[in-house]
Amino acid sequence: QKEVEQNSGPLSVPEGAIASLNCTYSDRGSQSFFWYRQYSGKSPELIMFIYSNGDKEDGRFTAQLNKASQYVSLLIRDSQPSDSATYLCAVIVQGSYIPTFGRGTSLIVHP
Amino acid sequence: DTAVSQTPKYLVTQMGNDKSIKCEQNLGHDTMYWYKQDSKKFLKIMFSYNNKELIINETVPNRFSPKSPDKAHLNLHINSLELGDSAVYFCASSAGTGNQPQHFGDGTRLSIL
């Protein structure tokens, strides 16, 4: 059974702070990791993807992957109220076509 | 230009009816998906087609039947609608199978009365 776990939150951070979102997964064969942002009533929107251990940075976003510990994180620097949304982690196991999504973490950035 | 478009955006219907949702993508992607997102926001894959061939068919009641007339279109027909079918249905596409990120449509909010 593939499982992807996320703390449902809400995670509340002040504007300008770093928001840290975490995702753990159960299948050691997982090879592809994605972070999506979903505003209320909207569709998921790809933020970042990462395939290799280590950090990947894109603007204010950094994805961190640690395959040994089976977690992937998303850091949002200089958080803005417009970052308030649910963040979904998705994982694909090697050789599988099927992405497994976590239930998402709700992030609230307050002014 | 809308990359992945779904119609209708809202669907309100009675229990027992049959309805269809249509999806089209203009990204040139080979793979398309149907997802169901329930009231608790859990996003679960239902079907996937790659170049018109069914490659993923998760545990979904056979009242749900997908159809892909070409690789740019993926439709979902639902027979004998039940209360538990109320959800948001998302269509998505990706450049291929495996490790490709997905692009989602705006969703179809289905409400069963």
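As the structure is a prediction and not an experimental result, all values here were calculated from the model. Below, all heavy atoms of this structure are taken into account, side chains as well, without hydrogens, waters or symmetry copies. We name chains A, B, ... by the order of the sequence lines, and we start the count at 1 in each one.
Partners of A/S73 under the side chain to side chain donor-acceptor pair (under 3.5 Å) rule, at least two apart in sequence or in another chain, are A/N22. Under the rule for a side chain to side chain donor-acceptor pair (under 3.5 Å), A/S79 has no partner lying at least two apart in sequence or in another chain. Every residue two or more places apart in sequence or in another chain that forms a side chain to side chain contact (heavy atoms under 4.5 Å, CB included) with A/R28 is listed here: A/Q70.
Hydrophobic cluster membership differs between A/M48 and A/I18, with clusters built from Ile, Leu, Val, Met, Phe, Trp and Tyr side chains linked at under 4.5 angstrom. Under the 4.5 Å side-chain contact rule for hydrophobic residues, A/L21 and A/L65 share a cluster. Both B/M32 and B/I78 belong to a single network of hydrophobic side chains, linked directly or stepwise wherever heavy atoms of I, L, V, M, F, W or Y lie under 4.5 Å apart. No chain of hydrophobic side-chain contacts below 4.5 Å, direct or via other Ile, Leu, Val, Met, Phe, Trp or Tyr residues, connects A/I98 to B/M46. A continuous path of Ile, Leu, Val, Met, Phe, Trp and Tyr side chains, each step under 4.5 Å between heavy atoms, connects A/F34 with B/I45, placing both in one hydrophobic cluster.
Taking every heavy atom of both residues into account, A/F101 and B/F104 meet most closely at CZ-CZ, 3.9 Å. In terms of heavy atoms, B/F42 sits closest to A/G102 at CD1-O, 4.5 Å.
Residue contact with chain A, scored on non-hydrogen atoms closer than 4.5 Å, involves the side chain of B/I56 exclusively. At a 4.5 Å heavy-atom cutoff, the contact between B/L43 and chain A is made by backbone and side-chain atoms alike. For chain B, the nearby part of A/F49 is the side chain; its heavy atoms alone come within less than 4.5 Å.
Per-residue counts of heavy-atom pairs under 4.5 Å with chain A were compared for B/P101, B/G96, B/G107, B/A92; the largest is that of B/P101.
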Produce the donor-acceptor pair table for chain A versus chain B, cut-off under 3.5 Å.
unit_1: A/Y36; atom_1: OH; unit_2: B/Q102; atom_2: N; d: 2.9
unit_1: A/Q38; atom_1: OE1; unit_2: B/Q37; atom_2: NE2; d: 3.0
unit_1: A/Q38; atom_1: NE2; unit_2: B/Q37; atom_2: OE1; d: 2.9
unit_1: A/S43; atom_1: OG; unit_2: B/G105; atom_2: O; d: 3.2
unit_1: A/Y51; atom_1: OH; unit_2: B/N99; atom_2: O; d: 2.5

